[in-house]
Enquirer: 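Submitted below is the structure of interest, expressed as structure tokens.
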Amino acid sequence: MTKKRMLFIVLGLLLLINAGCSGSNESRNETKARAKTETASVKTAQGNDRLPNIRILATGGTIAGANQSKTSTTNYKAGAVGIDTLIEAVPEMKDIANISGEQVANIGSQNMTNKTLLKLSKRAAKLLASDDVDGIVVTHGTDTLEETAYFLNLVLKSDKPVVVVGSMRPSTAIGADGPANLYNAVKVAASKEAYGKGTMVVLNDRIAAARYVTKTHTTAPDTFKSEEMGYLGNIADGIYFHNDITKKHTKDTDFNISKINQLPQVDIIYGYQNDGRYLFDAAIKAGAKGIIYAGSGNGSVSDEAKKGAVAAVKKGAAVVRSTRTGSGVVTPNPDLEKENILASNSLNPQKARILLMLALTKTDDPKKIQSYFEEY
Ligand code: GLU
């Protein structure tokens, strides 16, 4: 072999080795890069697959409220911010659930009507029936939140978690409670333990049953209380359920939102010293099919109010005594029962109204209506 030929062979070998090396480097890098992308996409896909799908139905309220001033927590505009902004404000929700949202309404909940309530409930029912939805969060003004929550609790036919949430400080305020409440609501809606608990209300790190919770304070963030009957659980990073609700709800009620397209007029009359029968007469004249009397104490009815109540029953309306005290059971009163004036059990007047509307979609039999008040 000539020196020249040997040199060529060595050069060729070096080139080959080099080419081989760079080639394998390239492919290793490519493989690594591809692996990285694949891992990423697999991870994302698995992550998404593993996370529950939670749909947020937004209806307005302070949680979507905005104020010019960061320090004022009154006189703001409720329902000023849309669902996308609400979701963007709490990106951490995306670590615990696949979040999607839709705007059902954007109102202060004092303006919640039967029509909007039906629309919201029907939408929730449709979503719950879908395999793509694992739970629902409803954002809502706090003023009538308990009424909507109790309605959903009675008409939705699903075990999937439904959580109603609000806030007491507008989204623009220092110390706004909306983001933490919303995050917690999603956390509860996304949890397996929340299945079959009925509609829940989540604010201030507490999980309450829609049946028992009520708003107790005009402005304080810890306004929602369920003290007499207790909370279902609390949230301290993790979710801790302590109790179950004994009253019938969701799948165990006689009411199915898919069959309800209209609700009868049910009015509430407040009991007070010197009250009279004329508000009963006025309610019946205005088309009421049911009347809740928010009586004093254990649902006491004044003699004058009783005249109005008896006349209303004679006109075919259902009359139910509740209490203005804020807690306790309104027990049956034999004298009033004789007149078919019913008792609300432990439902406050605003929730007794919700149940009576639903009851009247099924029956006008006082005994049957009374049984609903015992069971639900
Ligand atoms: N009145 C308004 C509402 O119920 C604001 C109260 C609130 O959300 O805290 O929507």
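All ligand and atom numbering here is 1-based and tracks the order in the structure. In what follows, every heavy atom counts, from backbone to side chain, and hydrogens, waters and symmetry copies are set aside.
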Enquirer: Looking at Asp134 and Lys160, is any side-chain nitrogen of the basic one under 4.0 Å from a carboxylate oxygen of the acidic one?
Expert: no
Enquirer: Among all residues two or more places apart in sequence or in another chain, which pass the salt bridge (charged side-chain N to carboxylate O under 4.0 Å, His left out) test with Asp252?
Expert: none
Enquirer: Filter the ligand 1-protein atom pairs down to N or O on both sides and distance under 3.5 Å, then list them.
Expert:
unit_1   : atom_1 : unit_2 : atom_2 : d
ligand 1 : 1 (N)  : Gln110 : OE1    : 2.8
ligand 1 : 1 (N)  : Asp143 : OD2    : 2.6
ligand 1 : 4 (O)  : Ser109 : N      : 3.2
ligand 1 : 4 (O)  : Ser109 : OG     : 2.5
ligand 1 : 4 (O)  : Asp143 : N      : 3.2
ligand 1 : 4 (O)  : Asp143 : OD2    : 3.4
ligand 1 : 8 (O)  : Thr62  : N      : 2.9
ligand 1 : 8 (O)  : Thr62  : OG1    : 2.7
ligand 1 : 8 (O)  : Thr142 : N      : 2.8
ligand 1 : 9 (O)  : Thr62  : OG1    : 2.7
ligand 1 : 9 (O)  : Thr142 : OG1    : 2.4
ligand 1 : 9 (O)  : Ser167 : O      : 3.1
ligand 1 : 10 (O) : Ser109 : N      : 2.6

Enquirer: Would you mind listing every side-chain hydrogen bond (donor to acceptor under 3.5 Å, both in side chains) that reaches into residues 74-95, with sequence neighbours excluded?
Expert: Thr62-Tyr76
Enquirer: Ser258: what forms a side-chain hydrogen bond (donor to acceptor under 3.5 Å, both in side chains) with it, not counting sequence neighbours?
Expert: Asn256
Enquirer: How are the rings of Tyr376 and Phe255 set relative to one another: parallel (under 30°), tilted (30 to 60°) or perpendicular (over 60°)?
Expert: perpendicular
Enquirer: Less than 4.0 angstrom from a charged side-chain N to a carboxylate O is my criterion; do Asp281 and Arg277 meet it?
Expert: yes
